[in-house]
J.: 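The structure that follows is given in the form of structure tokens.
Every chain is numbered from 1 and lettered A, B, ... according to where its sequence line falls, protein lines coming before strand lines. This one's a predicted model, so the numbers in the text were calculated from it and none came from an experiment.
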There are 2 protein chains.
Amino acid sequence: MQKMTTDSLDLPLTVTVDVRADPPDLQDNTADLDRLRQALRRALMAMGTERSVVIPFRFMARVGQAFRDAGFRGHAVVNVLDDRFECVDFLAQSPGVLPAMALDLGTTHLEATLIDLQSGSNLARANRPNGQIKYGADILARIHYATGQKDGLAILQQAVVDSINQLAEDLVGQAGLEVEQIRALAVSGNTTMVHLLLALSPYHICREPYTPFVGWPDLFCAVEIGLMLNAGAPVWVLPSIGSYFGGDLISGILASGLDEQENTAMLIDVGTNAEVVLGNREWLIACAGAAGPALEGGVARMGMRAGPGAIEHVRLDQDTWRLSVQTIGNKPAVGICGSGLIELVAELFLAGIVDIRGKLRRDTGSDSEARQQFIRTHLVEEEDGLSFIVVPAEQAGHGSPVILAQVDLDAMMRSKAAMYAILTTLVGQVGVDFADLDTIYVAGAFGKHIDPRAAITLGMLPDLPLSVYKPIGNSSLAGAELVLRSEKARRRALSIGQKITYIELNVNQEFMIRFSGSRFIPHTDPGLFPSVPIIKIDEGA
Amino acid sequence: MQKMTTDSLDLPLTVTVDVRADPPDLQDNTADLDRLRQALRRALMAMGTERSVVIPFRFMARVGQAFRDAGFRGHAVVNVLDDRFECVDFLAQSPGVLPAMALDLGTTHLEATLIDLQSGSNLARANRPNGQIKYGADILARIHYATGQKDGLAILQQAVVDSINQLAEDLVGQAGLEVEQIRALAVSGNTTMVHLLLALSPYHICREPYTPFVGWPDLFCAVEIGLMLNAGAPVWVLPSIGSYFGGDLISGILASGLDEQENTAMLIDVGTNAEVVLGNREWLIACAGAAGPALEGGVARMGMRAGPGAIEHVRLDQDTWRLSVQTIGNKPAVGICGSGLIELVAELFLAGIVDIRGKLRRDTGSDSEARQQFIRTHLVEEEDGLSFIVVPAEQAGHGSPVILAQVDLDAMMRSKAAMYAILTTLVGQVGVDFADLDTIYVAGAFGKHIDPRAAITLGMLPDLPLSVYKPIGNSSLAGAELVLRSEKARRRALSIGQKITYIELNVNQEFMIRFSGSRFIPHTDPGLFPSVPIIKIDEGA
């Protein structure tokens with residue numbers, strides 16, 4: 001809602017500006033702070049910008065004293081706002097580094113980097129659990145705690161502020177610095193996490209018509225929410241588009257460059273929700289849906305987040321009928337993460353052990369002995385139906401078998417159906433064909449670990465050449481780094497927020513139809529997936 | 001140092017803006033605060049301004065909740081900054097009045113008005129002593145206390161903040177309001193008083209090259225210095241040009257309109273210093289000098305500020321040789337204020353009892369019996385020379401005679417000489433003749449009470465038609481009211497600060513020469529004062 005300046009600078013969120021003023025004398029005894037502001041304005045105009053220069057009240061005494069002590073020349077520390085510059089400190093010597101913290105504010109995990117705004121280099125990287133977890137595992141539970149418990153909002157704010165302060169300590173510890181040296185913070189998170197950090201009520205986020213309290217908070221100081229960074233450090237929060245479309249996805253768009261490309265491309269970010277954006281430099285359209293739970297871990301009985309001991313890759317050799325699994329950190333298996341689950345089900349489908357409806361099958365027709373042996377070993381009848389033993393108890397890290405139950409498989413089928421329905425609804429909305437897409441960016445751990453081949457086999461992702469799929473890592477964090485480094489990126493973030501069209505899937509009929517059609521492997525219309533072999537299962541089993 | 005906007009609005013410092021937004025629904029579930037900001041921006045654009053609209057962090061929760069509670073329509077309370085609008089509150093109902101406080105922050109006295117920014121009307125007026133007095137009577141003593149005592153600066157700040165809070169209570173008491181309803185404050189004071197209010201070091205103000213810490217502080221909130229006004233109330237401080245040229249004089253220029261007039265005019269403000277400005281809408285030149293002490297009270301033995309019992313007018317009838325005095329409030333005389341002193345000395349000069357060198361004379365030549373009787377009654381020989389009994393003990397309010405001693409007269413002579421020297425130096429600087437001036441504005445109590453005829457007789461003010469002299473009352477307070485009411489006035493104040501030329505008299509040779517020439521009544525060159533009769537005193541006395 002700010003009026004944008006039109007100068008062409010591309011400044012970091014915080015900069016140091018070399019200021020040289022003459023000391024006062026009887027011919028010019030302009031007041032110290034006015035002298036500084038004039039010199040600073042001159043320096044900034046020489047750089048090509050005419051924005052206002054202000055010295056906020058609470059920094060006046062410190063800045064003025066430091067300016068005089070430094071002999072009226074040195075380095076002004078300046079926060080770069082859209083409509084003004086704020087001088088918050090003055091240093092006699094160049095600080096060498098100007099550290100800033102980029103934060104991916106996840107519901108369960110925080111990940112952060114420390115970057116030097118002067119050189120642009122990365123100084124440190126760290127992660128920690130979100131300290132709010134003990135008050136609620138997921139977003140809904142947090143909202144209920146914040147709005148239903150006495151002081152719930154303040155408690156949740158304090159919990160995550162503590163986590164961020166610890167993370168800041170981790171970062172400066174690695175870099176051999178002090179937290180007071182951190183001069184800026186950018187935060188990229190989902191809408192609810194941002195509300196809880198700012199102690200703004202998330203009450204209406206989860207209630208129709210799903211209205212956040214704030215989408216784009218104006219810049220504030222880290223100390224205002226209790227962060228132990230430098231007193232002048234500003235906090236830039238990536239804007240949210242809606243209750244289910246947060247700043248983390250704006251970050252993804254920034255990091256992928258979707259909003260700057262001539263060719264239409266797509267961005268997929270699977271967390272608790274699947275969030276998808278389609279567009280180019282002319283237009284952007286987005287939607288989000290609950291596609292993720294079975295993939296993110298926590299829903300499937302053996303599901304878990306990508307972490308040590310999580311099965312991330314699965315291969316089934318149909319000659320030897322040997323199942324090989326690869327775990328993160330090569331630790332004994334303790335569970336299965338999203339990418340592992342997708343590969344497992346794809347392999348079982350290709351082996352005829354999961355049918356097109358996503359059901360485990362124990363067929364005993366014209367099978368080879370090796371296959372029959374494999375089925376006897378791995379499929380067990382349990383109370384609630386068949387289950388598949390991925391890793392037997394004696395090989396597992398916790399002494400219990402790692403098992404895929406039919407209920408887990410059903411959940412995964414819903415997730416994969418939702419994902420494909422989201423993607424087709426989105427392209428259908430603007431009349432684009434999947435084949436028109438050069439690139440599909442896949443964000444996060446999902447993008448990093450997933451085998452697109454397996455996802456295509458399941459009919460979760462469209463049947464495109466594998467080179468179309470590009471993993472882009474933690475793009476939430478990457479976006480936070482970008483806005484710290486570049487004003488152009490900050491303007492892009494706000495402009496994305498203003499131009500994006502968001503489709504509510506809850507109220508979309510077409511989505512529901514597409515969802516039903518997607519609940520087969522790969523699809524009710526296998527013609528959509530020409531690269532996926534048609535698996536004949538002996539129906540006599 | 002702010003970049004000025006170019007829109008043509010002339011808004012008060014704080015305004016309410018009628019905001020009407022649609023409630024959120026599934027088609028538009030924009031976040032509450034973004035919705036408010038958009039609606040506010042639309043309303044402001046309809047008014048003709050495109051400045052940024054921000055909601056500062058500490059008001060977000062309150063503003064957003066109030067906006068929702070009011071059904072997304074009502075009245076946003078908005079502070080008007082040069083480069084942006086800040087929304088600090090939201091009211092469901094129109095507040096009726098929007099009270100703001102204008103403050104003349106004097107060294108000894110505070111005077112304030114409460115005005116309604118909606119109607120422009122005055123709601124109340126009050127004054128109080130400056131609570132800092134007990135730490136030092138004058139500016140120098142305060143500076144020494146602030147910089148020499150432990151916590152001196154904080155103690156002085158608290159003292160004046162307490163006084164202002166009490167004054168605010170006085171004002172709202174008169175108006176039947178609460179202090180929390182005061183939505184803005186403008187402060188007009190000398191440079192040192194502003195520093196002490198803001199707790200910024202005045203150390204260099206009184207030390208060559210006389211450099212203030214700040215001339216033009218950026219806008220801040222009243223609560224930041226401990227004032228008990230509304231949490232969102234901004235403080236606008238009239239800028240200072242230098243250590244001895246404060247915001248109170250900028251106020252005087254604003255109130256007189258000197259900076260907007262085609263014809264060159266002059267403004268004289270006599271307080272502890274005499275501050276004089278000459279100029280028109282093209283240029284402004286100013287200087288200040290220590291002309292005031294004898295006139296302001298506190299230096300002359302019987303001198304006092306204008307207050308109950310102070311002699312403000314004196315007439316000596318040369319037919320009856322009766323001396324009549326008029327006191328403020330018609331109370332028994334307890335002292336003599338500046339205007340009374342000037343009239344007394346003028347009358348004594350015209351009666352031949354004070355000579356052209358400013359000395360009391362007891363001449364006993366060819367006088368009438370009545371005159372001889374008058375001299376015998378009123379002139380007494382004291383240890384340090386002659387003194388003049390203005391009011392005998394039995395008629396005085398405190399049982400002691402009100403006396404004009406030669407030392408007091410000497411001080412007054414220095415003051416009047418300094419004043420005339422300042423005025424002639426200033427006009428000489430730009431080659432203007434006194435006769436070119438249509439108007440000489442005379443500010444403050446001095447302007448209100450002084451008889452220009454008497455001041456001309458003494459050679460203190462130039463010999464111009466009496467209609468040229470225009471008293472303008474407390475122009476420091478009037479200027480503070482103007483900047484509260486009008487953005488145009490705020491821009492004028494800053495533009496005055498930028499275009500005025502300030503002459504340091506301390507280093508001005510010409511001033512010293514003119515000062516010497518002015519130490520006669522009316523002047524060494526009586527031709528400069530054609531309207532003043534030449535008084536022959538029998539030198540044989």
Side-chain angles (χ1 to χ4, degrees), chain A residues 1-4 23-35 37-38 40-41 50-58 60-61 64-65 68 81-84 191 198-201 204 208-221 224-225 235 239-240 242-243 502 504 506-507, chain B residues 1-4 23-35 37-38 40-41 50-58 60-61 64-65 68 81-84 191 198-201 204 208-221 224-225 235 239-240 242-243 497 504 506-507:
Chain A
M1 208 46 43
Q2 302 222 358
K3 188 183 169 192
M4 298 290 166
D25 58 27
L26 281 173
Q27 272 62 54
D28 175 13
N29 53 14
T30 301
D32 292 359
L33 287 178
D34 299 51
R35 182 176 300 272
R37 225 165 18 186
Q38 282 168 8
L40 191 47
R41 183 111 201 248
E50 294 204 358
R51 274 171 266 187
S52 299
V53 175
V54 300
I55 305 174
F57 183 74
R58 65 179 179 284
M60 277 188 187
Q65 190 61 51
R68 181 169 274 272
L81 280 69
D82 296 301
D83 59 342
R84 47 163 59 176
T191 308
L198 273 55
L200 296 174
S201 172
H204 293 280
E208 202 177 313
Y210 314 108
T211 313
F213 195 95
V214 69
W216 174 30
D218 288 301
L219 203 76
F220 57 96
C221 266
E224 293 185 82
I225 54 169
V235 182
S240 306
S243 287
Y502 180 69
E504 280 286 355
N506 313 11
V507 290
Chain B
M1 209 44 44
Q2 303 222 358
K3 189 182 167 196
M4 298 289 167
D25 58 27
L26 281 172
Q27 273 62 53
D28 175 12
N29 53 14
T30 301
D32 292 359
L33 288 178
D34 299 52
R35 183 176 300 271
R37 226 165 18 188
Q38 282 168 9
L40 192 47
R41 182 111 203 247
E50 294 204 359
R51 275 171 265 187
S52 300
V53 175
V54 301
I55 305 173
F57 183 73
R58 65 179 179 283
M60 278 187 186
Q65 190 62 51
R68 181 170 273 272
L81 280 69
D82 296 302
D83 59 341
R84 48 162 58 176
T191 308
L198 272 54
L200 296 175
S201 172
H204 293 279
E208 202 176 312
Y210 314 107
T211 314
F213 195 95
V214 68
W216 174 30
D218 288 301
L219 203 76
F220 57 95
C221 266
E224 293 186 81
I225 54 169
V235 182
S240 305
S243 288
E504 281 285 355
N506 314 10
V507 291

J.: Pick one of side chain, backbone, both or neither for B:Leu200, based on which atoms fall under 4.5 Å of a heavy atom in chain A.
T.: side chain
J.: Tell me which of these, A:Ile225, A:Thr191, A:Val214, has more heavy-atom pairs under 4.5 Å with chain B than the rest.
T.: A:Val214
J.: Side chain, backbone, both or neither: which part of B:Thr30 has a heavy atom under 4.5 Å from chain A?
T.: backbone
J.: What are the two closest non-hydrogen atoms of A:Arg37 and B:Pro217, and how far apart are they?
T.: NH1-C, 4.5 Å
J.: Which pair of heavy atoms, one from A:Asn29 and one from B:Tyr210, lies closest together, and at what distance?
T.: ND2-O, 3.6 Å
J.: Could you grab the distance from atom OG1 of B:Thr211 to atom CG of A:Asp28, nearest 0.5 Å is fine?
T.: 8.5 Å
J.: Give, as side chain, backbone, both or neither, the part of A:Leu40 having an atom under 4.5 angstrom from any heavy atom of chain B.
T.: neither
J.: Under a 4.5 Å heavy-atom cut-off, does chain A meet the side chain of B:Glu224, its backbone, both or neither?
T.: both
J.: What pair of heavy atoms forms the shortest contact from A:Pro24 to B:Pro209, and how long is it?
T.: O-CG, 3.5 Å
J.: Within this structure, what is the CG-CZ distance for the pair B:Asp218 and A:Phe57, rounded to the nearest 0.5 Å?
T.: 11.0 Å
J.: Return the minimal non-hydrogen interatomic distance between B:Ala31 and A:Gly215, and the atom names on each side.
T.: CB-N, 3.2 Å
J.: Looking only at heavy atoms, which two atoms of A:Asp34 and B:Trp216 are closest? And how far apart?
T.: OD2-N, 3.0 Å
J.: Could you have a look at A:Arg58, A:Gln65, A:Arg68, A:Met60 and say which one has the most heavy-atom pairs with chain B under 4.5 angstrom?
T.: A:Arg68
